[in-house]
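Each chain gets a letter, A, B and so on, in the order the sequences are listed, and its residues count up from 1.
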Number of protein chains: 2
Amino acid sequence: MLTTFGEYIRKHRAEKGLTLTQLAAKIGMDSANLSKIENGRRSFDEKRLKSLSQALEIDIEEIKMEYFSDLFAHKLYHSNCSSETLVLAEKKVKYLAQKSAKQGKITF
Amino acid sequence: MLTTFGEYIRKHRAEKGLTLTQLAAKIGMDSANLSKIENGRRSFDEKRLKSLSQALEIDIEEIKMEYFSDLFAHKLYHSNCSSETLVLAEKKVKYLAQKSAKQGKITF
DNA sequence: TTTGACTTGTCAATATTGTACAAGTGTAAA
DNA sequence: TTTACACTTGTACAATATTGACAAGTCAAA
């Protein structure tokens with residue numbers, strides 16, 4: 001199912017039968033702010049991804065994927081960039097990996 | 001050619017035969033900071049993309065693509081996310097577009 | 001009409017980022 | 001040499017953005 005990150009949290013919170021206050025407490029934040037996050041009025045702090053994955057018992061890799069794809073999608077959407085940008089991004093990830101591998105060799 | 005955004009600026013600056021100081025002046029910034037940007041020690045401020053595109057006489061769409069793909073690539077690389085994330089991101093862009101189209105209808 | 005879940009606005013505190021400037025390296029021409 | 005120029009790097013300070021906290025609200029069910 002396709003959702004924004006806020007919708008994703010809300011869906012999983014509902015599945016666990018947690019209130020905003022309960023989930024907020026589990027991840028150490030104010031329930032009013034969590035409400036804003038679920039409604040897309042505020043962004044979720046990357047540092048709390050791990051604790052969110054534990055509170056909702058979701059695989060951290062899945063949560064990260066939801067989180068970052070949401071981030072990228074919003075940036076793309078608001079900057080009116082072609083989605084070709086994502087293709088380029090994938091190539092650049094490989095370029096970065098290769099580059100740091102080379103640098104690794106040099107230091108030895 | 002595949003490059004980081006810093007390398008991309010440097011390449012085009014060289015093609016135009018501009019010094020750091022000259023290009024920095026054109027886009028209203030300190031040459032020391034531009035040097036850091038070209039060397040990947042600092043990020044380029046999105047607000048200056050337009051003026052950069054004018055200074056280097058490059059299509060703004062191309063520059064935006066280079067800029068955002070670089071941003072995404074670094075995030076992905078440092079967060080160790082699967083590149084599937086980018087596929088999801090593309091779907092989410094469409095989801096956002098569709099969502100705002102619906103909201104648009106409602107307001108009328 | 002009370003309670004609990006949620007939403008929204010505001011603002012100080014905090015964190016992040018940008019800017020400017022000083023002081024450096026390296027190189028090449030005078 | 002030494003002067004000049006392109007570039008790099010470190011580090012404060014300023015400007016911005018994000019976060020946390022709380023008050024005050026809506027709404028629905030009991």
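The CG-P distance, from B/Asn39 to D/dC7, rounds to 11 Å in whole Å. We find that CG of B/Asp45 is positioned 17 Å from P of C/dT16, with the value rounded to whole Å. Across the protein-nucleic acid pair, B/Leu49 atom CG and C/dG18 atom P stand 12 Å apart, rounded to whole Å. One interatomic measurement links the two molecules: CD1 of B/Ile37 to P of D/dT9, which rounds to 14 Å at whole-angstrom precision. Summarising the geometry, the separation between CZ on A/Phe44 and P on D/dT19 is reported as 10 Å, rounded to the nearest angstrom. What separates CZ of A/Arg42 from P of C/dC11 is a distance of 14 Å, to the nearest Å.
A heavy-atom distance below 4.0 Å to DNA chain D is reached by these residues of residues 16-34 of chain B, ordered by number: B/Thr19, B/Leu20, B/Ala32.
Remark: A/Lys47 is not in phosphate contact with D/dG20, judged by side-chain N or O atoms under 4.0 Å from OP1 or OP2. An OP1 or OP2 oxygen of D/dT9 is reached within less than 4.0 angstrom by a side-chain nitrogen or oxygen of B/Arg41. Of the side-chain N and O atoms in A/Arg48, one or more sit less than 4.0 angstrom from OP1 or OP2 of D/dG20. Dashed line: the shortest gap from a side-chain N or O of B/Arg10 to OP1 or OP2 of D/dA6 is not under 4.0 Å.
In terms of the side-chain contact (heavy atoms from CB on, under 4.5 Å) criterion, residue partners of B/Ala32 (sequence neighbours excluded) are, by chain and number, B/Asp30. Under the side-chain contact (heavy atoms from CB on, under 4.5 Å) criterion, B/Ser31 pairs with B/Leu20, B/Thr21, B/Ala24, sequence neighbours left out. Evaluation of the salt bridge (Lys or Arg N to Asp or Glu O under 4.0 Å) rule for A/Glu62 yields no partner, not counting sequence neighbours.
Using a cutoff of 4.0 Å between basic side-chain nitrogens and carboxylate oxygens, A/Glu61 and A/Lys64 are scored as salt-bridged.
Considering NZ of B/Lys36 and CZ of B/Arg41, their distance stands at 9.5 Å, rounded to 0.5 Å.
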Give every donor-acceptor pair under 3.5 Å between a side-chain atom in residues 52-60 of chain A and any protein atom, sequence neighbours left out.
residue: A/Ser53; atom: OG; partner: A/Lys50; partner atom: O; Å: 2.8
residue: A/Glu57; atom: OE2; partner: A/Lys16; partner atom: NZ; Å: 2.3

Show me the donor-acceptor pairs within less than 3.5 Å that the side chains of residues 70-86 of chain B make with the rest of the protein, sequence neighbours left out.
residue: B/Asp70; atom: OD1; partner: B/Phe5; partner atom: N; Å: 2.8
residue: B/Asp70; atom: OD2; partner: B/His74; partner atom: ND1; Å: 3.3
residue: B/His74; atom: ND1; partner: B/Asp70; partner atom: O; Å: 2.9
residue: B/Tyr77; atom: OH; partner: A/Ser100; partner atom: OG; Å: 2.7
residue: B/His78; atom: ND1; partner: B/His74; partner atom: O; Å: 2.9
residue: B/Ser79; atom: OG; partner: B/Lys75; partner atom: O; Å: 2.8
residue: B/Ser79; atom: OG; partner: B/Leu76; partner atom: O; Å: 3.4
residue: B/Ser82; atom: OG; partner: B/Glu84; partner atom: N; Å: 2.8
residue: B/Ser83; atom: OG; partner: A/Glu90; partner atom: OE2; Å: 3.4
residue: B/Thr85; atom: OG1; partner: B/Ser82; partner atom: O; Å: 2.6

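Along DNA chain D, the nucleotide nearest B/Lys36 and the nucleotide nearest B/Arg13 are compared for position; the residue whose nucleotide lies closer to the 5' end is B/Arg13.
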